[in-house]
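The structure presented is a predicted model; accordingly, all values stated were derived computationally and were not measured. Numbered from 1 within each chain, the chains take letters A, B, ... in sequence-line order. The figures that follow rest on heavy atoms only: side chains count, while hydrogens, waters and symmetry mates do not.
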Amino acid sequence: MAQKPSIPKGTRDFSPAEMVRRNYIFDTIKDVFQLYGFMPIETPAMENLDTLLGKYGEEGDKLLFKILNSGDFLAKADKSLLAAGDSNRVTGQISEKGLRYDLTVPFARFVVQHQNEITFPFKRFQIQPVWRADRPQKGRYREFFQCDVDVVGSDSLLNEVELIQIVDEVFRRLNIRVVIKLNNRKVLAGIAEIIGESDRMVDITVAIDKLEKIGLEKVNAELRERGLSAEAIEKLQPILALSGNNAEKLSALAGILASSEVGSKGVEELNKVLDLVNGLDLPTDVEVDLTLARGLNYYTGAIFEVKALDVEIGSITGGGRYDDLTGIFGMKGVSGVGISFGADRIFDVMNQMDLYPDDVTAATQLLFVNFGEKEAAHCLRLAAGLRQKGIRTEIYPDAAKMKKQMSYADKKGIRFVAMVGEDEMTKGLITLKNMQTGEQSAFGLDEVADVVGR
RNA sequence: GUGAUUGUAGCUCAGUUGGUUAGAGCGUCGGAUUGUGGUUCCGAAGGUCGCCGGUUCGAGACCGGUCUUUCACCCCA
């Protein structure tokens, strides 16, 4: 055999069996989105590089897939940069397009670009692949699907509440037990302010985000490493030690952050969202988690993260409010909030726990055996009639041996096989075999539709 | 980007301290059975041992590089 073909690192093929399962996930997510009045949009796989650069932090820029310019791109590049081997600056000259890194930034671009055609508040959903030049590992791929829902042009916290409802509904339908973690960037800003390190919010949040994973000791060590004063770290301790239920945490926090205007605002927002959510009696736990930070630095208010309770895989959904994402594209004062379902991680969770209902397969229901040219022509008409009645029907394309045709049906999980030879043709009948029970008898066309459709 | 790890038939894996012609199970194909699958029996096809180079009389095995798999860190869905 010649050298085997392959696909790029971190990408995957999906077989028919996998695709019906994935579509089941996409379909339930889409159904829920539409139930709340969100409308679909799509944007191109590639964006202009300047749309993407600088939106995801330094780390994010490195993970962007860049697309080489067409034509003789090197001819136009600066020779001295080429000679110097300065990759960073050379890429700016030979690449001006990149693959999208998420769906939120392209959406912000979309909103700005189409602002005159959009009615606000604008509720859209978008289910498309995104690409990151990351090293693949557990639950992490270089090509994966995000399912985003966002509302832009509304400051109301009702939107945050609706998003929580959507998360609850989606995972309830998929039968995945989850916890929704909730925090607010304003609270984090308030904490930074209180301990006297306002400008170090990112460093602080990145470090305390790891509390659950590496423990208090190591978080403090990392804070020191990141250059926080001993005094600030000392002041942070009571906050890191906060425990109890949501109400207890929030009232304690309200006291601590009383002197910080942003911080108090954040606590107030959290309280409001939780009050409304509590009134809904959702079965899913919503937990205030002060250590939840989330890396994307365009978030300004609420931040969400959803974790599966029964599988160790990182977060399967995340999002938050961003007050000025459209501002970078020249449209000020439009606030948005949204979340993103990580379809591929949800797929992994569903597979690991085998949570699919029995009827997701959407397989063919009936196969006509091919006995030869004349018989096949006859079956073609019968099959057309059955398809009109909604029966998923196929005809075996070749007059192969019975054994081969039967085992084809068997392997494809087709429940019924129809046999129409000379005898049945003259009598106007169809011999139907049930592949599960082995029973078989002859019926008219209408009866076949009834039996198979049951 | 850093540090590990994996690679032998379509799939899952054996293969002794380096020694003739690299094996098994499953799957595939053919036959037993020309209008009856899933069970059984018989038979066959299928491998440049990831790739390139090196050591050796001799490499699937040892060494170097490279690609790939998986995992951790960074970061993230």
Side-chain angles (χ1 to χ4, degrees), chain A residues 1-12 15 25 29 56-64 87-88 101-104 127-148 202 205-207 209-210 213-214 218 222 292-297 304-308 312-320 338-349 367-372 375 396 399-425 431-440 442:
Chain A
M1 190 193 333
Q3 203 155 24
K4 265 187 239 173
S6 63
I7 53 176
K9 191 197 283 222
T11 65
R12 295 156 299 162
S15 66
I25 295 171
I29 290 174
Y56 310 105
E58 210 177 308
E59 206 62 41
D61 284 356
K62 281 193 227 157
L63 298 180
L64 284 172
S87 309
N88 271 335
Y101 177 92
D102 73 355
L103 299 177
T104 309
I127 299 178
Q128 289 190 274
V130 303
W131 295 269
R132 296 185 188 177
D134 214 348
R135 266 217 203 165
Q137 55 179 279
K138 194 187 184 71
R140 179 177 288 192
Y141 307 98
R142 289 180 135 181
E143 176 183 63
F144 60 98
F145 272 78
Q146 292 193 328
C147 314
D148 271 37
V202 174
T205 53
V206 168
D209 187 42
K210 297 175 188 162
K213 200 168 174 183
I214 63 178
K218 287 187 178 162
E222 182 160 340
L292 170 61
R294 294 193 60 76
L296 295 176
N297 50 22
F304 313 97
E305 193 157 288
V306 179
K307 298 197 98 171
E312 189 57 51
I313 196 167
S315 71
I316 53 178
T317 292
I339 48 170
S340 178
F341 290 79
D344 295 83
R345 284 189 178 172
I346 294 172
F347 181 57
D348 288 347
V349 171
L367 173 78
F368 276 94
V369 171
N370 187 330
F371 286 116
E375 292 88 343
Y396 199 88
K401 288 191 176 128
M402 258 303 234
K403 181 187 166 92
K404 173 128 175 126
Q405 301 196 38
M406 294 299 280
S407 71
Y408 172 83
D410 185 47
K411 273 169 201 147
K412 244 185 124 172
I414 299 173
R415 179 106 41 122
F416 291 96
V417 169
M419 282 163 283
V420 183
E422 238 174 293
D423 193 33
E424 284 91 347
M425 275 173 73
T431 297
L432 199 61
K433 170 161 180 163
N434 182 325
M435 294 295 277
Q436 284 181 332
T437 62
E439 290 164 14
Q440 84 179 50

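A/K404 comes within contact range of the sugar-phosphate backbone alone, with a heavy-atom separation under 4.0 Å but no base atom that close. Residue A/E424 is in base contact, counting any heavy-atom pair closer than 4.0 Å across all strands shown. Among the atoms of the strands shown, base atoms are found under 4.0 Å from some heavy atom of A/G438. In this structure, A/G60 reaches neither bases nor backbone, as no heavy-atom distance under 4.0 Å exists between it and the strands shown. The residue A/Q440 sits close to a base: some heavy atom pair falls under 4.0 Å. Residue contacts shown for A/K210 are limited to sugar-phosphate atoms, with no base heavy atom under 4.0 Å away. Residue A/G10 is in sugar-phosphate contact alone, with no base atom involved, counting any heavy-atom pair closer than 4.0 Å across all strands shown. Nucleic acid contact for A/F341: none, since no nucleic acid atom lies under 4.0 Å from a heavy atom of the residue. A/E375 comes within 4.0 angstrom of no nucleic acid atom, judged by non-hydrogen atoms across all strands. Using a 4.0 Å heavy-atom distance criterion, A/S340 is classed as making no nucleic acid contact. Within the nucleic acid shown, A/Q146 comes within 4.0 Å of sugar-phosphate atoms alone, with no base atom in reach, counting heavy atoms only.
The distance from the OG1 atom of A/T431 to the CG atom of A/D423 is 7.5 Å, given to the nearest 0.5 Å. The distance from the OG atom of A/S340 to the CD1 atom of A/I127 is 10.0 Å, given to the nearest 0.5 Å. A distance of 10.0 Å separates CD in A/Q146 from CZ in A/R345, rounded to the nearest 0.5 Å. Here CD1 of A/I339 is found 12.0 Å from CD of A/E305. Values are rounded to the nearest 0.5 Å.
Across the P atoms, B/U8 and B/U56 are found 29 Å apart, a figure rounded to whole Å. Between B/C29 and B/G10, the two C1' atoms lie 13 Å apart (nearest whole Å). For the P atom pair drawn from B/U39 and B/G27, the interatomic distance equals 7 Å after rounding to whole Å. Using P as the reference atom, B/A59 and B/U20 are 12 Å apart when rounded to the nearest Å. Nucleotides B/A32 and B/G18, compared at atom P, are 50 Å apart to the nearest Å. For B/C57 and B/C73, the P atoms lie 47 Å apart once the distance is rounded to whole Å. One P atom belongs to B/G30, the other to B/G15, and the distance between them is 34 Å to the nearest Å. Taking atom C1' on both nucleotides, B/G50 is separated from B/U68 by 7 Å, rounded to a whole Å.
Counting to the nearest Å, the P atom of B/G27 and the OH atom of A/Y408 are 20 Å from each other. One atom, CD of A/E59, and another, P of B/U2, lie 13 Å apart when rounded to the nearest Å. Residue A/Q137 contributes atom CD, which lies 7 Å from atom P of B/C73 at whole-angstrom precision. Atom CD in A/Q128 sits roughly 17 Å away from atom P in B/A77 (whole-Å rounding). In this structure, A/K403 atom NZ and B/U40 atom C1' are separated by 10 Å, rounded to whole Å. The distance from atom CG of A/L64 to atom P of B/C76 is 13 Å, rounded to the nearest whole Å. The distance between atom NZ of A/K62 and atom P of B/G1, rounded to the nearest whole Å, is 10 Å. The CD1 atom of A/I7 sits 20 Å away from the P atom of B/G50 (whole-angstrom rounding).
No donor-acceptor contact under 3.5 angstrom links the side chains of A/T11 and A/E143, judged on distance only.
In this structure, A/K138 and A/D344 both approach RNA chain B, and ranking their closest nucleotides by distance from the 5' end singles out A/K138. Between A/M406 and A/G342, the one whose closest nucleotide on RNA chain B sits nearer the 5' end is A/M406.
In this structure, A/M435 and A/A409 approach most closely via the heavy-atom pair CE-CB, 4.3 Å. The minimum heavy-atom distance between A/L292 and A/F304, with the atom names listed, is CD2-C, 4.1 Å.
Applying the side chain to side chain contact (heavy atoms under 4.5 Å, CB included) rule to A/E375 yields the partners A/F371, A/M425; only residues at least two apart in sequence or on another chain are considered.
Here the nucleotide nearest the side chain of A/K411, chosen from B/G35, B/C29, B/C76, is B/C29. When the nucleotides B/U68, B/G35, B/A77 are ranked by their closest atom to the side chain of A/M402, B/G35 comes out on top. Counting only heavy atoms from C-beta on, A/R135 has its side chain closest to B/G3 among B/C75, B/G35, B/G3. Closest to the side chain of A/K213, out of B/A32, B/C73, B/G35, is B/C73. Nearest to the side-chain atoms of A/Y141 among the listed nucleotides B/C71, B/A77, B/C29 stands B/A77. For A/D410, the side-chain atoms get nearest to B/G37 when compared with the rest of B/G37, B/A77, B/A72.
Side-chain atoms of A/R345 come within donor-acceptor range of the base of B/C76, with a qualifying N/O pair under 3.5 Å. Donor-acceptor pairing under 3.5 Å, judged by distance alone, is present between the side chain of A/R140 and the base of B/C75.
With a 4.5 Å cut-off on side-chain heavy atoms, A/M402 and A/M419 count as touching.
With pairs defined as Watson-Crick or G-U wobble and both atom distances under 3.5 Å, the stems of at least three pairs that touch RNA chain B come out as B:1-4 with B:70-73, B:10-13 with B:23-26, B:28-32 with B:40-44, B:50-54 with B:62-66.
Phosphate contact (OP1/OP2 of B/U36, side-chain N/O of A/K433, threshold under 4.0 Å): absent. Here A/K307 does not reach the OP1 or OP2 of B/A77: none of its side-chain N or O atoms lies under 4.0 Å away. Residue A/K401 has no polar side-chain atom (N or O) positioned under 4.0 Å from OP1 or OP2 of B/G37.
Between A/Y56 and A/Y101, the ring-plane angle classifies as tilted under the 30° and 60° cut-offs.
No option in A/D344, A/V130, A/D134 other than A/D344 meets the side chain to side chain contact (heavy atoms under 4.5 Å, CB included) test with A/Y141.
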